[in-house]
Amino acid sequence: MITAEHIGGRVRDDTGRVGILRDVIVDYEDPAELPWRRRRRATAFLGPECGGREWLVPLDAVVPETVPGPVSRPGPGT
């Protein structure tokens, strides 16, 4: 289960996208929804590792990423 302790770590959502967990809000209400349709739900805020547009995912659809990322290789002549 993902908690606020995972913020800053790599996670995977239920579609397979991997990102960095930016925040967890357990009673998030989407301001883009009409006021009478808003409901509170646990939400994870994820962002791409190298920057870019953040996306929202239901908290129960996120798991810690266990596969290591790409390995840095030394450049030529090093």
Side-chain angles (χ1 to χ4, degrees):
M1 177 178 184
I2 294 292
T3 66
E5 294 176 4
H6 292 95
I7 292 175
R10 296 178 77 207
V11 294
R12 178 181 301 270
D13 68 15
D14 59 351
T15 66
R17 289 180 71 181
V18 175
I20 302 297
L21 182 64
R22 303 286 185 215
D23 201 0
V24 172
I25 300 177
V26 295
D27 60 352
Y28 178 73
E29 291 183 17
D30 189 348
E33 293 179 353
L34 296 170
W36 58 87
R37 291 191 175 189
R38 290 181 192 165
R39 58 181 196 148
R40 293 180 180 182
R41 55 190 130 200
T43 303
F45 294 73
L46 281 62
E49 291 183 87
C50 297
R53 179 173 259 181
E54 186 175 70
W55 71 97
L56 308 178
V57 181
L59 191 58
D60 60 355
V62 180
V63 295
E65 174 62 14
T66 57
V67 178
V71 176
S72 298
R73 296 187 180 156
T78 57

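Val18 belongs to no hydrophobic cluster, as no Ile, Leu, Val, Met, Phe, Trp or Tyr side chain comes under 4.5 Å of its own. In the hydrophobic clustering, Ile20 connects to no other residue, as no ILVMFWY side-chain heavy atoms lie under 4.5 Å from its own. Cluster note: Met1 groups with no other residue, as no ILVMFWY side-chain heavy atom lies under 4.5 Å from it.
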Can you list, pair by pair, the side-chain donor-acceptor contacts under 3.5 Å of residues 50-63, counting residues two or more places apart and other chains?
unit_1, atom_1, unit_2, atom_2, d
Trp55, NE1, Asp13, OD2, 3.0

Would you list the atom pairs, donor with acceptor, under 3.5 Å between side chains in residues 25-32 and any protein atom, with sequence neighbours excluded?
unit_1, atom_1, unit_2, atom_2, d
Glu29, OE2, Arg40, NE, 2.9
Asp30, OD1, Ala32, N, 2.9

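Qualifying salt bridge (Lys or Arg N to Asp or Glu O under 4.0 Å) partners for Glu5, counting only residues two or more places apart in sequence or in other chains: none. For the salt bridge (Lys or Arg N to Asp or Glu O under 4.0 Å) test, residues two or more places apart in sequence or in another chain that qualify with Arg41 are Glu33.
By the rule that hydrophobic residues join a cluster once side-chain heavy atoms approach within less than 4.5 Å of another member, Phe45 and Ile7 end up as members of separate clusters.
Taking every heavy atom of both residues into account, Leu21 and Leu46 meet most closely at CD1-CD1, 4.0 Å.
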